[in-house]
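Since the structure comes first, as structure tokens, the remarks are kept for the end.
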Amino acid sequence: MMDTLRAWEHWGLVFGLMDLTGYVFLILGAFLCLTASIGMIRFPDLLSRQHAATKPQVLGVLLIMGAVLLHERSISVLAMVLLVSTFQLVTAPVASQMMSRAAVRTVQVELGTVARDPVNPPGRGRKKDGAK
Amino acid sequence: MSEFLETARHITVWAVGIMLALDALLIIRRLIRGPSVLNRALASDLLVSTLICAIGAEMVLTGHSATLPLLASLALLSFVGTTAVARFVARDSDDDAKVRESRRQRAKRLRAAWQEHLEEDRHSGQEETQ
């Protein structure tokens, strides 16, 4: 009897620590989202804005999903959280790459600010009417 | 422990609420001011991500898990929207007046060069006949 009570106290402490860690994760995730939006405002270029928009934002969403998982401790929540995290991790680089490719193709990027010319890479021979 | 957790929860509610609200306001500012369609698509993508964060934080702070499918559908939807915009974007900008002016100047220059070329052709043709 006493052993089970002690065990429950122990688990209560563990759950309390998990809740606390979840709050810390929430604050960190919200701070990372705020960082992303500050980068959105402060950065001068589309590509650097994209850099600010994808990386800290995805990490913030992952941290908040971790907080959800730490608070609702069940298998179904684990499955949904894994689904949302995988969506974020897979779709964010693809969307970012497609958007930067569209930006380069429609000449909205100052190509002097990019190290390699992404439209006409040096190996392939330059197109005549390519975007300079 | 439970009182401490309650205090931590209150602090977290205020901190996360203020940070996410500021986040959304800054993103909406970029959404209004961003000088091209791609900037606006990027900002709307970021706004949907902020919405995901806000719904997740609300779920944690009020202790339910009813809106998890909403999170999954939002994550998928933002990707589809951004990709569609990126596929069908054309060259445009809010300061398109400059671009249009330069296009007009370029057309003028090309037309002048073409006229010059025609003149040269005509002259050389005359020289050949002479």
Side-chain angles (χ1 to χ4, degrees), chain A residues 12-13 16 19-20 22-27 29-38 40-41 46 49-50 52-54 57-58 60-61 63-65 67-68 70-72 74 76-77 79-81 83-88 90-92 94-103 105-108, chain B residues 1-2 4-5 8-9 11-12 15-20 22-27 29-30 33-36 38-39 41-43 45-47 49-50 52-57 59-61 63-65 68-69 71-72 74-76 78-83 85-93:
Chain A
L13 185 63
D19 283 357
L20 204 61
Y23 292 145
V24 173
F25 274 21
L26 269 191
I27 293 180
F31 178 71
L32 278 173
C33 292
L34 185 63
T35 314
S37 68
I38 289 174
M40 244 351 238
I41 287 297
L46 181 70
R49 273 176 207 150
Q50 208 155 33
T54 46
Q57 187 71 31
V58 169
V61 172
L63 279 177
I64 286 184
M65 287 302 117
V68 171
L70 281 175
H71 271 257
E72 323 279 333
S74 72
S76 59
V77 171
M80 288 303 281
V81 162
L83 194 64
V84 175
S85 309
T86 314
F87 269 156
Q88 280 291 318
V90 170
T91 60
V94 176
S96 165
Q97 196 266 343
M98 290 198 65
M99 195 177 294
S100 49
R101 192 177 61 179
R105 285 189 178 167
T106 58
V107 207
Q108 299 185 19
Chain B
M1 188 69 186
S2 69
F4 178 64
L5 272 183
R9 182 175 159 274
I11 294 172
T12 313
V16 170
I18 289 173
M19 277 197 267
L20 285 182
L22 195 59
D23 184 6
L25 279 180
L26 290 179
I27 292 171
R29 180 166 174 243
R30 173 56 69 198
R33 291 188 60 183
S36 68
L38 283 178
N39 280 301
L42 191 62
D45 189 12
L46 206 55
L47 196 60
S49 290
T50 307
I52 291 174
C53 289
I55 291 175
M59 209 154 53
V60 168
L61 292 172
H64 65 91
S65 65
L68 266 173
L71 290 190
L74 273 181
L76 196 59
S78 74
F79 167 68
V80 170
T82 313
T83 310
V85 170
R87 280 307 284 181
F88 296 113
V89 73
R91 174 175 192 171
D92 69 334
S93 172

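In what follows, chains are A, B, ... by sequence order, proteins preceding strands, each numbered from 1. Just so you know, these numbers use all the heavy atoms, side chains as well, and skip hydrogens, waters and symmetry mates.
The greatest number of non-hydrogen atom pairs below 4.5 Å with chain A, out of B:Leu20, B:Leu46, B:Ile52, is found for B:Leu46. When A:Ile27, A:Val84, A:Val24 are compared by the number of non-hydrogen pairs under 4.5 Å with chain B, A:Ile27 comes out ahead. Of all the listed residues (B:Leu76, B:Ile27, B:Thr50), the one sharing the greatest number of non-hydrogen pairs under 4.5 Å with chain A is B:Leu76. Interface summary for chain B: among A:Tyr23, A:Phe25, A:Phe87, the most heavy-atom pairs under 4.5 angstrom belong to A:Tyr23. Heavy-atom pairs under 4.5 Å with chain A peak, among B:Ala15, B:Ala24, B:Ser65, at B:Ser65. Contact count versus chain B (heavy atoms, under 4.5 Å) is highest, among A:Ile64, A:Thr91, A:Thr86, for A:Thr91. Looking only at heavy-atom pairs under 4.5 Å with chain A, the residue among B:Cys53, B:Ala8, B:Gly56, B:Ala75 that has the most is B:Cys53. Of the residues considered (B:Ala86, B:Ser78, B:Ala43), B:Ala86 shows the highest number of contacts with chain A, using heavy-atom pairs under 4.5 Å. The most heavy-atom pairs under 4.5 Å with chain B, out of A:Arg49, A:Gln88, A:Arg101, come from A:Arg49.
Remark: the backbone N or O of B:Asn39 is not paired with any side-chain donor or acceptor of B:Arg30 at under 3.5 angstrom.
Of the two parts of B:Ala41, the backbone and the side chain both hold a non-hydrogen atom closer than 4.5 Å to a non-hydrogen atom of chain A. Only the side chain of A:Leu83 comes within contact range of chain B, with heavy atoms under 4.5 Å apart. Looking at A:Ile38, both its backbone and its side chain come within 4.5 Å of chain B, counting heavy atoms on both sides. Both the backbone and the side chain of A:Gln50 come within contact range of chain B, each with at least one heavy atom under 4.5 Å from a heavy atom of that chain. Contacts of B:Ala54 with chain A are absent, with no heavy-atom separation under 4.5 Å from either backbone or side chain. With a threshold of 4.5 angstrom between heavy atoms, A:Phe31 approaches chain B through its backbone and through its side chain.
Heavy atoms only, all atoms of each residue included: B:Met19 and A:Leu34 are closest at O-CD1, 3.7 Å. Residues A:Gln57 and A:Cys33 come closest through the heavy atom pair NE2-SG, 3.6 Å.
Two residues are said to be in side-chain contact when any heavy atoms from C-beta on lie closer than 4.5 Å; B:Leu68 and A:Val77 meet this criterion. Looking only at side-chain heavy atoms (C-beta outward), B:Leu42 and A:Met40 come within less than 4.5 Å of each other.
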